[in-house]
Novice: 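Please see the structure below; I have some questions.
Within every chain, numbering begins at 1; the chains are lettered A, B, ... in the order of the sequence lines, protein sequences first and strands thereafter. These values consider heavy atoms only, across backbone and side chains, with no hydrogens, waters or symmetry-generated copies. Just so it is clear, the model here is predicted, and its values are computed rather than measured.
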Amino acid sequence: MIELKNITYTYNPGEPSARVALNDVSLTLADGDFVGLIGHTGSGKSTLVQIIAGLLPPLGGTASVDGTDFSEYKAAAKELRKKVGLVFQYPEHQLFEETVYKDIAFGPKNQKLTEDEIDLRVREAARRVRLEDGLLEKSPFDLSGGQKRRVAIAGVVAMKPEILILDEPTAGLDPSGRDELLGMLKELHGDWCKTIVLVSHSMEDIARAAGTAAVMNGGRLVMNGPVEEIFSRGDELRSMGLNTPQITRIVDGLIKAGLPLEKGIFTVEAAADSIEKLVRSKR
Amino acid sequence: MSIIKAENLSFSYESEGAEVKVFENLNIDIDEGEFVAVLGHNGSGKSTFAKHLNAILTPKSGRVTVCGIDTADESRLFELRKNVGMVFQNPDNQIVATVVEEDVAFGLENLGVPREEMRRRVDEALKVVRMYDYRTYAPHLLSGGQKQRVAIAGILAMEPRCIVLDEPTAMLDPIGRDEVMETVRRLNREKGITIVLITHYMDEAVKADRCIVMDRGKIVMDDRPASIFPKVEEMRALGLDVPQATELVWELKRRGLNIETGALRSAGAIESILKMTRDQL
Ligand SMILES: Nc1ncnc2c1ncn2[C@@H]1O[C@H](COP(=O)(O)OP(=O)(O)OP(=O)(O)O)[C@@H](O)[C@H]1O
Ligand SMILES: Nc1ncnc2c1ncn2[C@@H]1O[C@H](COP(=O)(O)OP(=O)(O)OP(=O)(O)O)[C@@H](O)[C@H]1O
Ligand SMILES: [Mg+2]
Ligand SMILES: [Mg+2]
């Protein structure tokens with residue numbers, strides 16, 4: 001479990017170009033959470049996840065890891081880096097090894113695992129992100145965009161982080177690639193990584209994969225709760241550059257028109273269930 | 001009248017000595033004033049096609065003609081690029097100046113447009129994308145959607161006949177996406193600018209007049225959104241998807257309910273469902 005308290009961050013502090021990115025953000029990530037992190041462009045999501053991952057020292061605030069309080073982030077950072085694996089946005093731009101295998105093995109090697117252990121990790125991670133075995137000896141540069149993205153994710157997954165954070169992992173993927181990726185994250189969750197944080201601009205993706213949603217607005221964390229609760233606050237979300245999934249807007253419209261449907265529906269499946277039940281019960 | 005025409009276009013990339021074939025005898029014809037969405041799985045050839053429209057790439061064989069200009073004719077490259085504007089994913093890579101209006105004027109300066117004319121065009125372009133109030137801002141103070149609209153204004157100022165957008169909303173939040181889509185539609189409807197929009201978002205594609213679906217370098221569907229999206233299973237088999245509005249009414253029908261399918265947007269789905277419940281309850 002990680003607790004961040006009163007985190008602030010400013011880019012270029014003291015200069016005319018200073019830019020406050022995080023303002024008094026407190027966030028707890030408990031074992032078993034699957035958190036969707038949403039917010040308008042520039043709201044501070046990428047800055048926040050780098051701080052959670054121990055990669056960017058905040059200007060102010062404290063962290064506690066598994067109940068141990070660190071008054072200084074510097075001391076916490078080492079613990080955070082051990083526990084958290086961060087997949088950056090467009091991670092495929094950072095592939096560099098001559099084979100897919102070596103690229104995935106890079107992280108586990110740095111963890112000083114034995115050769116056998118590294119081999120197991122690489123193969124297991126590749127299997128989990130659904131890369132065929134035949135691709136392991138290929139150059140990562142010869143793969144399609146979707147495959148490269150999976151290699152990059154496998155590289156972080158292979159380190160078996162307790163907390164896996166992905167910064168807009170579905171951006172630019174085609175619909176079936178996006179579905180596969182979300183399915184894969186759901187499978188990793190709980191069994192391979194205790195906690196997952198998914199940053200996304202797609203409300204539909206968050207609705208499909210996450211259990212809770214944390215909402216950033218102008219550098220502040222303004223909402224945090226179960227997905228159904230967050231998506232029942234459509235007007236507030238829209239005032240912050242966000243929205244609810246299209247399916248939720250449809251159900252809201254039907255409720256407004258007088259159909260007695262439940263609130264808090266945010267998947268097509270659930271909407272169809274609820275409408276079908278209504279129609280069949282009245283026949 | 002046709003504004004974009006690909007005739008027997010064949011193209012391959014050379015990669016480490018090997019040939020990566022993308023198109024073989026591709027034919028596409030787009031009329032002036034059309035709003036066309038191009039869909040397709042990752043690697044299907046969408047960006048490669050887009051890059052042929054302003055001669056970033058030129059055919060290995062066959063011919064691409066845009067605004068009456070053969071894209072292989074190097075002597076007319078300047079004229080071609082003035083007529084065909086390109087917008088890419090990342091707004092940060094497209095903005096060059098430190099003040100919004102200077103950024104919009106940038107292309108015009110290179111064209112040698114006189115000062116007064118330049119002023120008029122920059123103001124007009126910023127008004128069209130609804131960013132005039134931000135003309136003196138530094139671009140880094142803008143949201144992603146706002147930056148993307150500034151990038152579009154820079155292209156508009158060149159008064160192109162055609163704008164090609166390659167996943168322009170991939171990095172934007174939901175409202176930023178709406179703003180960009182609304183702007184693109186308005187440019188098409190009010191100014192008659194031909195739009196080619198590449199996207200992985202099906203709810204954006206339904207806003208086009210026509211959708212071209214690519215699969216491994218070939219065109220496999222080319223029709224109005226109302227004709228292609230109700231084919232839910234075919235779209236999925238192509239690695240694509242349909243808007244949730246379309247999926248919902250399709251799913252209800254599949255479960256045996258007596259509902260009209262074919263809705264593309266929220267309002268359409270709501271209407272079909274209300275009609276069904278009125279008829280059945
Ligand atoms: N390297 C940097 N230097 C200066 N300012 C920065 C830098 N990186 C981010 N910022 C600013 O900090 C704020 C927060 O940015 P951040 O990248 O964390 O937002 P985000 O929510 O991830 O946005 P997006 O959805 O566009 O990825 C923004 O105002 C941004 O312009
Ligand atoms: N510079 C390049 N060198 C070699 N092959 C390339 C190059 N650019 C693209 N390709 C290959 O050409 C094919 C078509 O790629 P293209 O970028 O046009 O696809 P796309 O439909 O735009 O995909 P995406 O949805 O991922 O953007 C793919 O197989 C791709 O791997
Ligand atoms: Mg970000
Ligand atoms: Mg592309």
Novice: Atom CD of residue position Glu271(B) - does it have more than 12 heavy atoms of other residues, nucleotides or ligands inside 6.0 Å?
Specialist: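 No.
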
Novice: Working to the nearest 0.5 angstrom, can you tell me the gap between Asp174(A) CG and Thr199(B) OG1?
Specialist: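 Spacing of CG (Asp174(A)) from OG1 (Thr199(B)) equals 11.5 Å.
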
Novice: At their closest point, which heavy atom of Gln246(A) faces which heavy atom of Ser266(B), and how far apart are they?
Specialist: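 Shortest heavy-atom contact: CG-OG, 3.4 Å.
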
Novice: Would you say OH of Tyr137(B) has more than 12 non-hydrogen atoms from neighbouring residues, nucleotides or ligands within 6.0 angstrom?
Specialist: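 It does not: Tyr137(B) OH has 12 such atoms or fewer within range.
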
Novice: How long is the gap from CZ on Arg249(A) to CD1 on Ile270(B), to the nearest 0.5 Å?
Specialist: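 Reported to 0.5 Å precision, the distance equals 10.0 Å.
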
Novice: Heavy atoms, side chains only, cut-off 4.5 Å: are Leu259(A) and Ile273(B) in contact?
Specialist: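 The answer is yes; the side chains approach within 4.5 Å.
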
Novice: Please lay out, stage by stage, how Leu141(B) and Arg19(A) fare under the test side-chain contact (heavy atoms from CB on, under 4.5 Å).
Specialist: CA-CA 9 Å; Leu141(B) 295 176; Arg19(A) 195 110 178 86; 3.8 Å; yes

Novice: Between Leu248(B) and Ala271(A), which heavy-atom pair has the shortest distance, and what is it?
Specialist: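 Of all heavy-atom pairs spanning Leu248(B) and Ala271(A), the closest is CD1-CB, 4.0 Å.
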
Novice: To the nearest 0.5 Å, what is the distance between CD (Glu276(A)) and CZ (Arg254(B))?
Specialist: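 One gets 9.0 Å once the value is rounded to the nearest 0.5 Å.
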
Novice: Taking all non-hydrogen atoms of both residues, which atom of Asn243(A) and which atom of Pro174(B) are closest, and how far apart?
Specialist: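 Minimum heavy-atom separation between Asn243(A) and Pro174(B): CB-CB, 3.9 Å.
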
Novice: Between Leu237(A) and chain B, which part of the residue has a heavy atom less than 4.5 Å away: side chain, backbone, both or neither?
Specialist: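 Neither; nothing under 4.5 Å.
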
Novice: Tell me whether Glu251(B) contacts the main-chain N or O of Ala272(A) through its side chain, where contact means a donor paired with an acceptor under 3.5 Å.
Specialist: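 Answer holds: no.
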
Novice: Mind ranking Thr41(A), Thr267(A), Ile275(A), Ile38(A) by heavy-atom pairs under 4.5 Å with chain B and telling me who comes out on top?
Specialist: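 With the most close heavy-atom pairs to chain B, the winner is Thr41(A).
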
Novice: Is it true that, when you exclude Gln94(A) itself, more than 12 heavy atoms of the residues, nucleotides or ligands shown sit nearer than 6.0 Å to its CD?
Specialist: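 Counting other residues, nucleotides and ligands, CD of Gln94(A) exceeds 12 neighbours.
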
Novice: What part of Gln89(B) lies closer than 4.5 angstrom to a heavy atom of chain A: side chain, backbone, both or neither?
Specialist: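 Looking at Gln89(B), just its side chain touches chain A.
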
Novice: Heavy-atom distances under 4.5 Å only: say whether Met202(B) touches chain A with side chain, backbone, both or neither.
Specialist: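 Looking at Met202(B), just its side chain touches chain A.
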
Novice: Is there a side-chain contact between His200(B) and Leu173(A) in this structure, where contact means two heavy atoms from C-beta onward sitting under 4.5 Å apart?
Specialist: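 They are not in contact (no side-chain heavy atoms under 4.5 Å apart), so the answer is no.
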
Novice: Which atom pair, heavy atoms only, marks the closest approach of Ala170(B) to Glu168(A)?
Specialist: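 Smallest interatomic distance, heavy atoms only, reads O-OE1, 4.4 Å.
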
Novice: About how many Å separate OG of Ser176(A) and CZ of Arg236(B), when rounded to the nearest 0.5 Å?
Specialist: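 The CZ atom of Arg236(B) sits 11.5 Å away from the OG atom of Ser176(A).
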
Novice: Is atom CD of Glu182(B) surrounded by more than 12 heavy atoms (other residues, nucleotides or ligands) closer than 6.0 Å?
Specialist: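 Counting neighbours around CD of Glu182(B), more than 12 heavy atoms of other residues, nucleotides or ligands fall under 6.0 Å, so yes.
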
Novice: Please flag which part of Ile259(B) lies under 4.5 Å from any non-hydrogen atom of chain A: side chain, backbone, both or neither.
Specialist: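 The answer is neither part of Ile259(B).
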
Novice: For atom CZ of Arg135(B), is the number of surrounding heavy atoms from other residues, nucleotides or ligands below 6.0 Å larger than 12?
Specialist: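 Yes.
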
Novice: Using 0.5 Å steps for rounding, measure from the CZ atom of Arg178(A) to the OH atom of Tyr201(B).
Specialist: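 Rounded to the nearest 0.5 Å, the CZ-OH separation comes out at 8.0 Å.
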
Novice: Could you check which of Ile175(B), Asp173(B), Val20(B), Leu240(B) has the highest count of heavy-atom pairs closer than 4.5 Å to chain A?
Specialist: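 With the most close heavy-atom pairs to chain A, the winner is Asp173(B).
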
Novice: Atom CZ of residue position Arg238(A) - does it have more than 12 heavy atoms of other residues, nucleotides or ligands inside 6.0 Å?
Specialist: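 Enclosed.
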
Novice: Can you tell me how far CG of Asn90(B) sits from CD of Gln89(A), rounded to the nearest 0.5 angstrom?
Specialist: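 With rounding to 0.5 Å, CD (Gln89(A)) is 8.5 Å from CG (Asn90(B)).
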
Novice: Taking only Lys NZ, Arg NE, NH1 and NH2, and the carboxylate oxygens of Asp or Glu, determine whether Arg255(B) and Glu269(A) approach each other closer than 4.0 Å.
Specialist: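 Result for this pair is yes, salt bridge flagged.
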
Novice: Is the number of heavy atoms from other residues, nucleotides or ligands within 6.0 Å of NZ (Lys253(B)) greater than 12?
Specialist: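 Counting other residues, nucleotides and ligands, NZ of Lys253(B) exceeds 12 neighbours.
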
Novice: Side chains of His40(A) and Ser143(B): closer than 4.5 Å at any heavy-atom pair?
Specialist: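 Heavy-atom side-chain distance check fails, nothing below 4.5 Å.
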
Novice: Asp273(A) versus chain B, heavy atoms under 4.5 Å apart: side chain, backbone, both or neither?
Specialist: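 For Asp273(A), the contact with chain B is made by backbone and side chain together.
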
Novice: Name the member of Asp241(B), Thr169(B), Leu142(B) that forms the most heavy-atom pairs with chain A at distances under 4.5 Å.
Specialist: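 Of Asp241(B), Thr169(B), Leu142(B), Asp241(B) has the most heavy-atom pairs under 4.5 Å with chain A.
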
